[in-house]
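As the structure is a computational prediction, the values presented were derived from the model and not from experiment. In this chain, numbering begins with 1 at the start of the sequence shown.
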Amino acid sequence: MGDPSMELIDDDGNLFGRINLVDALVVLVALAVVVAGVAFVLSSGSNDTTPNTTTRYATLDLGTQPAYVATLVTEGDVADADPSTPENLTVTDVYATETDDGRHLYVRVRLNATLDDDAVTYGGDPLRVGRDLDLTTPEYQTGGTITAVDASNADLPTGTTDVLLRTNLSADTVDAIRRGDEYRIDGRTVGTVRSVTAYRTGDGRTLAYVGVAYRTYRASDGQRFAGAPIREGVTLPLETAAYAFEGDVIRVGETVPRGVASTRTVRLEIENADPDLADGLRSGMAERVRGDTVAELANVTVEPSTMVLTSQDGNVYRREHPVEEDVTLIADLRVRETDAGVRFKGAPLRRGRTVTLDFGTVTVEATVVEVR
């Protein structure tokens with residue numbers, strides 16, 4: 001017979017003579033519960049159907065929208081989302097330009113999209129360029145076409161482009177233009193006046209060169225504003241509370257005319273002038289626009305005009321005209337020195353050209369004889 005200490009259960013009910021049988025059963029039950037719980041958790045995790053999400057940024061071309069819709073579309077708008085999914089859409093940037101029918105809108109949106117086996121979807125469809133996407137909030141409902149999808153960058157591809165506009169305006173409009181004036185659409189600044197240069201043309205209008213820094217949209221063919229590519233020759237609008245006009249782009253990348261401002265003394269002639277015109281001119285008269293001196297007379301010389309007469313015997317004689325006069329003007333002109341030559345009021349200044357000087361009380365057209 002073996003050692004009693006090796007019996008499985010002794011007379012006192014102890015397992016192996018050391019552990020109480022009831023206690024052992026309790027421990028075993030507890031272990032079974034723990035194991036079952038772990039198995040349940042692991043099983044639940046392996047069958048989890050909650051979709052993975054990822055963030056994407058997309059550009060939407062909303063096309064032309066009526067003003068009453070465009071004014072409502074703002075940064076921070078959150079589109080109505082399906083409460084049964086984790087997906088949502090937030091507007092992060094807005095760009096608008098005026099059209100004949102309202103506003104052309106581009107928006108940048110942040111999308112909380114679904115990621116499934118490396119495929120990104122939103123609303124059950126792939127998130128890709130060319131897809132139409134609704135944009136619905138409690139305030140408005142619209143939609144547009146996706147033109148770009150990126151993993152980052154909440155901003156639209158916009159920038160600032162400097163241009164110089166040339167236009168003919170009334171004197172009152174020119175006087176109203178100020179550096180720093182802002183062109184605003186729906187509360188957003190889309191253009192800022194950087195410079196103004198103006199000259200009278202003698203027909204009641206004023207030739208104006210206005211430098212503007214536009215907020216432009218970068219499209220596949222370059223920077224655009226109001227639907228037009230930014231290049232020389234296109235016409236762009238400028239509007240503030242005080243004025244509105246369109247101007248031709250004559251320079252891109254700069255807001256001032258070409259060349260360096262300087263003063264040139266020129267000799268001008270007016271032949272066969274009416275005496276009243278000659279009498280209205282005197283030294284010291286100046287053409288000023290917006291407080292800047294454009295031209296100033298340094299000297300005025302008046303002589304009788306000559307006329308050619310032919311006698312009955314065929315002889316030719318030069319005689320003083322009984323009424324008309326020739327006027328010679330020495331004037332200091334504010335010009336711009338360019339690589340292509342000297343320019344005055346935006347036009348080349350050279351011998352034989354005609355220039356217009358508007359002194360307020362009298363306007364003259366004179367021929368350039370000499371540029372010093």
Close side-chain approach of Val308 to Val316, heavy-atom, < 4.5 Å
yes
Counting only heavy atoms not in Arg184 (residues, nucleotides, ligands), do more than 12 fall under 6.0 Å from its CZ?
yes
Give the cluster check for Leu156 versus Leu111: same hydrophobic cluster or not, with ILVMFWY residues linked at side-chain heavy-atom distances below 4.5 Å.
no
Can you tell me if Thr189 and Glu182 form a side-chain donor-acceptor pair at under 3.5 Å?
yes
Between Val368 and Phe344, does a side chain to side chain contact (heavy atoms under 4.5 Å, CB included) hold up when you go through it step by step?
CA-CA 11 Å; Val368 178; Phe344 176 66; over 6 Å; no
If you measure only the distance, is there a donor-acceptor pair under 3.5 Å linking the side chains of Asn299 and Thr301?
yes
So does Leu62 get a backbone contact from the side chain of Gln65, meaning a donor-acceptor N/O pair under 3.5 Å?
yes
Do other residues, nucleotides or ligands put more than 12 heavy atoms under 6.0 Å from the CZ atom of Arg178?
yes
In terms of heavy-atom contacts, Leu164 and Thr255 come closest through CD1-O, 3.4 Å
Has Asn153 got a side-chain atom pairing as donor or acceptor with Asp155's backbone, closer than 3.5 angstrom?
yes
So Tyr217 and Tyr95, would you call those rings parallel, tilted or perpendicular, with 30° and 60° as cut-offs?
tilted
In Arg108, Arg188, Arg215, the residue satisfying salt bridge (Lys or Arg N to Asp or Glu O under 4.0 Å) with Asp93 is Arg215
Can Lys345 and Val355 be said to form a side chain to side chain contact (heavy atoms under 4.5 Å, CB included), step by step?
CA-CA 9 Å; Lys345 294 188 176 183; Val355 299; over 6 Å; no
Would you say Asp117 has more than 12 foreign heavy atoms packed within less than 6.0 Å of its CG?
no
State, yes or no, whether a side-chain contact exists between Thr240 and Val193 at a heavy-atom distance under 4.5 Å.
no
Would Arg343 and Arg258 satisfy side chain to side chain contact (heavy atoms under 4.5 Å, CB included), going step by step from the backbone distance to the final call?
CA-CA 9 Å; Arg343 300 183 72 85; Arg258 288 181 172 85; over 6 Å; no
Do you know which two heavy atoms are closest between Arg103 and Glu98, and how far apart they sit?
NH1-OE2, 4.0 Å
When clusters are formed by joining ILVMFWY residues with side-chain heavy atoms under 4.5 Å apart, either directly or through shared neighbours, do Leu165 and Ile250 land in the same one?
no
Just checking, is any N or O donor in the side chain of Thr53 or Glu87 under 3.5 Å from an acceptor N or O on the other one?
no
Are any non-hydrogen side-chain atoms of Tyr199 and Val289 less than 4.5 angstrom apart?
no
Would you confirm whether Arg224, through its side chain, and Gly227, through its main-chain N or O, come within 3.5 Å as a donor-acceptor pair?
yes
So, does Arg131 use its side chain to make a donor-acceptor pair with the main chain of Asp125 at under 3.5 Å?
yes
Ignoring hydrogens and angles, tell me if any N or O in the side chain of Asn112 forms a donor-acceptor pair with the backbone of Pro86 under 3.5 Å.
yes
For Thr74 versus Thr71, what's the shortest heavy-atom pair and its separation?
CG2-O, 4.2 Å
Judged by atom type as modelled, is there a donor-acceptor pair below 3.5 Å linking the side chain of Thr145 to the main-chain atoms of Asp61?
no
Under 4.0 Å between a Lys/Arg side-chain N and an Asp/Glu carboxylate O for Asp162 and Arg194?
no
Thr306 side chain to Arg318 side chain, donor-acceptor N/O pair below 3.5 angstrom
yes
Stepwise side chain to side chain contact (heavy atoms under 4.5 Å, CB included) test for Arg282 and Phe359:
CA-CA 10 Å; Arg282 61 185 181 278; Phe359 300 113; over 6 Å; no
Transitive ILVMFWY side-chain link Leu333 to Val371, under 4.5 Å
yes
Please say whether more than 12 non-hydrogen atoms of neighbouring residues, nucleotides or ligands are located less than 6.0 Å from CD in Glu337.
yes
Donor-acceptor pair between Asp326 and Ser305 side chains, under 3.5 angstrom
yes
Please indicate whether Arg353 has more than 12 foreign heavy atoms, meaning atoms of other residues, nucleotides or ligands, lying under 6.0 Å from its CZ.
yes
